[in-house]
Amino acid sequence: MAQRQITVESEVGLHARPAATFVQTAAKAPLDVTVAKQGGQPVNAKSILAVLALDVRQGDTVVIEAEGEGADELLDALALIASAP
């Protein structure tokens, strides 16, 4: 299991286009991918509604996890999406 803890820097958090890109990237991967606000319950990142429901804002910390071949590379890409200003 690979894991990244990210502070969201984008003013829109994981909403709108960053969320769509996040979910599309996760959906293409043959991995089990989850995302959660720090201390929160993880949700499957392959569901855009679940990710948007996290209501992540600028400055919030999220934890993303993936299990399977290529998990580290996927999480590195997702971390860049979430932390981009």
Side-chain angles (χ1 to χ4, degrees):
M1 172 86 57
Q3 183 183 79
R4 301 288 183 282
Q5 184 171 319
I6 305 157
T7 299
V8 177
E9 299 297 338
S10 171
E11 290 183 13
V12 295
L14 288 177
H15 291 95
R17 189 161 52 196
T21 304
F22 180 99
V23 173
Q24 288 166 2
T25 304
K28 290 177 186 174
L31 305 169
D32 181 24
V33 183
T34 62
V35 61
K37 285 178 81 168
Q38 190 171 34
Q41 194 67 15
V43 297
N44 188 319
K46 295 183 182 190
S47 165
I48 193 163
L49 294 178
V51 173
L52 290 173
L54 287 173
D55 195 28
V56 177
R57 303 283 182 208
Q58 186 178 23
D60 285 349
T61 300
V62 295
V63 177
I64 53 175
E65 295 182 339
E67 188 168 4
E69 188 175 336
D72 285 316
E73 292 81 4
L74 175 67
L75 293 188
D76 288 344
L78 295 178
L80 286 174
I81 292 168
S83 62

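Note: hydrogens, waters and symmetry copies are ignored here, and every other heavy atom, side chains too, is used. Computed from a prediction, not measured in an experiment: that's the story for all the values here.
- The hydrophobic cluster containing Val62 also contains Val43, counting ILVMFWY residues as joined when their side-chain heavy atoms lie under 4.5 angstrom apart, directly or transitively.
- To the nearest 0.5 Å, atom OG1 of residue Thr34 and atom CD of residue Glu65 are 4.5 Å apart.
- Residues Asp76 and Arg4 have side chains in contact (heavy-atom distance under 4.5 Å, counting atoms from C-beta outward).
- Of all non-hydrogen atoms in Gln3 and Leu75, the two that sit nearest each other are N-CD1, 3.6 Å.
- Residues Ala66 and Ala71 share a closest heavy-atom pair of O-CB, 3.6 Å.
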